[in-house]
Chemist: 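Mind looking over this structure? Questions follow.
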2 protein chains.
Amino acid sequence: MQRTPAPTIADVAERAGVSPATASRALSNYGRVSKDTVEKVRSAAAEIGYRPNELARAMRVGSTRTIGLVIIADFTNAFFDRATKAIVDAARAHDYQVLITNTDEDIDVEQQAVLTLLDKQVDGLIIVPSLAKEHPHLGTTQLGGRPVVLIDRRIDELPLTSVTTDDASGTRAAVLDATAKGHRKLGFLISAVGVPEFTTIAPTEMISTVRDRSNGFRRGATDSNIPIADQLWVYCADEPSSSEAAVASMLDSDMPPSVIFTSNNDMALAVLQVAGQRGLAIGRDLSLVTVDDSVWAAAMVPGISVIARPVEELGSIAVARLVERIESPGQDVERLVLPTQYISRSSVATI
Amino acid sequence: MQRTPAPTIADVAERAGVSPATASRALSNYGRVSKDTVEKVRSAAAEIGYRPNELARAMRVGSTRTIGLVIIADFTNAFFDRATKAIVDAARAHDYQVLITNTDEDIDVEQQAVLTLLDKQVDGLIIVPSLAKEHPHLGTTQLGGRPVVLIDRRIDELPLTSVTTDDASGTRAAVLDATAKGHRKLGFLISAVGVPEFTTIAPTEMISTVRDRSNGFRRGATDSNIPIADQLWVYCADEPSSSEAAVASMLDSDMPPSVIFTSNNDMALAVLQVAGQRGLAIGRDLSLVTVDDSVWAAAMVPGISVIARPVEELGSIAVARLVERIESPGQDVERLVLPTQYISRSSVATI
DNA sequence: AGGTTTTGCGAGAACGTTCTCGCACAGAAT
DNA sequence: ATTCTGTGCGAGAACGTTCTCGCAAAACCT
């Protein structure tokens, strides 16, 4: 437990009988060193268990080989874990480490997190941006010229590289599947931050994923000739109590939908919950489609039909793009959109 | 996009008309500075948007205020995401950041990860250790005197502080519940690394959680007077193909169990999968209990009975203990064990 | 032999902080 | 008027690297 000071390159140099400069050259093989001294230094380093202090190196070379991740921890959506793992693994493959921060959809903590990460001199950032009108911390000057890649959600107003998914197409495909199976009364339960409880009137601002899913839903419905009157759009706060109340009110409305599409898994869980309470069997009495595949959605009986997004690819591509921009700055902003896939299981009944 | 060099404390000092030393004192308020100069320096710093370089500060003061997290990313167990979020949040509350690394149960990448984190001068480590006979990288000397807290799993041979859960009691409670409901043929599907496919003979080494769950199961069974002959213990590789084959073989055996306890959620998913294929309804034709609560286990119909572990507390307590040891070294090793809770839902039938 | 290039290495600066030390000057005590 | 205590501040070292520069010796050329 004695905190004996870690050996420095000076210790290695002394033991090898050379100068620190030469020791550094020998270990990081650059410059000119003789074979002999390289050998001497290497073994000296090994003998005393020398490991270079990455802090000091970072200080000197101006790069920490660390990327900052600002993500929202959202357990139900199976996004946080899959994306985080993909990002951490991809980063390691590029020889980068990941400093992680969590924001609970709060723009202020997001802003604080970005500052803290920048203070720690991360080389770049991957961010899942929170909903907000203003993103003062994401201006290029605020970032000290360090590259940023947005994932999951775009911010159309800002010239930032992003990697997102084509949720509109996936959602449209899901709607088409349901209408092909005979559903004519469609429910759409949309997670929306900022609304109290739930409402049928659209909030003025929504994150890009929700907008995309809404557009896809709309396209699917019009392509299937479902009139507006047979669509029930409900915007709902991301609270179990609110979402369950919202589902109940949908089922009790004048136009109870035979299928409910949910814009995220919190909402899907609410549907499951309420259906369970009422003895409604999913895939028979009530149909359900949600976003993001998961082991649970696949293993449940019935299996839940989902709009699957390539979350792992999203993470690894984000890292690749970020590293690209870290190592050769001045690239154009890119807005990548990855394809989604509708996976039909048995939660949508044929009627 | 111009990479204008970030302002340093020298810039602040110049603008305020003082020396860097005074500027530093004014900003970090220590030493002796007059009210006036504090004010001058503060506003100078604000005007040019000065933010201290944490790297340089860390270099000087010898502390990065960063903790390293080495965790296994295991999506199905809903442990990775909950624990990670709890740790990140707790760390931030203590004004620490988290460098995260993932090991896929591989001792070599774990060792490498620990080294990398130490090179980055983390102040301490939180580790979910992989199964192995030897843990050469976890000796106190290898860690350079930096504190470590193990979570989820203990390593009894090493004098390391750990925060784990009392899985034995939870498992015993689960068994007692099942036998009280009339089950007399018990299946136990145990995830074991290193076994090929599946087998009924116990591997020589198991991670502490699996050992604890096994002990709890054994105690529950003997307390309920279930003879060994009516227990079917199967050790299984953590691969969907293996676990599904294992479940199938259990159901087809001479002594098909009426209830299957699974030692982790990968195994539980296999049970769900095979039961679904065979048209066996969980909670009626086949009963199931698994470990770790999740939104899905609660929302499914029927709800899955689980041995719930306080994962968030586990994470935040681990951080608290670690920070304690970082800030005042030389504390005794502590092996905390948090209580588990058996949550009875409807996946266990009464027969 | 003489000059020129190449090779190996050390001295020392630099990265941006913090912090010890000492100096000058103020006001208070003798 | 002289000594003392205290206050505010600057000079400079230190943290552990990397990297530029210059210098000596060795190698190469005529």
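Order of the sequence lines sets the chain letters (A, B, ...), proteins ahead of strands, with each chain counted from 1. Just the heavy atoms: all of them, side chains too, but no hydrogens, waters or symmetry mates, feed the values below.
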Chemist: Contact list please: residues 31-43 of chain B against DNA chain D, heavy atoms, distance less than 4.0 Å, in numerical order.
Modeler: Arg32(B), Val33(B), Ser34(B), Thr37(B)

Chemist: Using a strict 4.0 Å threshold on nitrogen-to-oxygen distance, state whether Glu39(A) and Arg42(A) make a salt bridge.
Modeler: no

Chemist: Please tell me which of Met59(B) and Ala23(B) maps to the more 5' nucleotide of DNA chain D, matching each residue to the nucleotide holding its nearest heavy atom.
Modeler: Ala23(B)

Chemist: Can you give me the first and the last nucleotide of DNA chain D (5' to 3') that has an atom within less than 4.0 angstrom of a non-hydrogen atom in chain A?
Modeler: dG16(D) to dT20(D)

Chemist: Is Lys85(A) salt-bridged to Asp104(B), cutoff N-O under 4.0 Å?
Modeler: yes

Chemist: Between Asp36(B) and Lys40(B), is the closest basic N to carboxylate O distance under 4.0 Å?
Modeler: no

Chemist: Counting only heavy atoms not in Glu312(A) (residues, nucleotides, ligands), do more than 12 fall under 6.0 Å from its CD?
Modeler: yes

Chemist: Side chain to side chain donor-acceptor pair (under 3.5 Å) with Thr161(A): which of Glu324(A), Arg325(A), Arg335(A), Glu334(A)?
Modeler: Arg325(A)

Chemist: Do Arg146(B) side-chain atoms and Leu118(B) backbone N/O form a donor-acceptor pair below 3.5 Å?
Modeler: yes

Chemist: If you look at every strand shown and take non-hydrogen atoms under 4.0 Å, does Ser24(A) touch a base, only sugar-phosphate, or nothing?
Modeler: base

Chemist: Strictly below 4.0 Å, N to O, side chains only: are Glu313(A) and Arg82(A) in salt-bridge contact?
Modeler: no

Chemist: Under 3.5 Å, side chain of Asp123(A) to main-chain N/O of Ile326(A), donor-acceptor pair present?
Modeler: no

Chemist: DNA chain C: Pro20(B) or Val18(A), which has the more 5' nearest nucleotide?
Modeler: Val18(A)

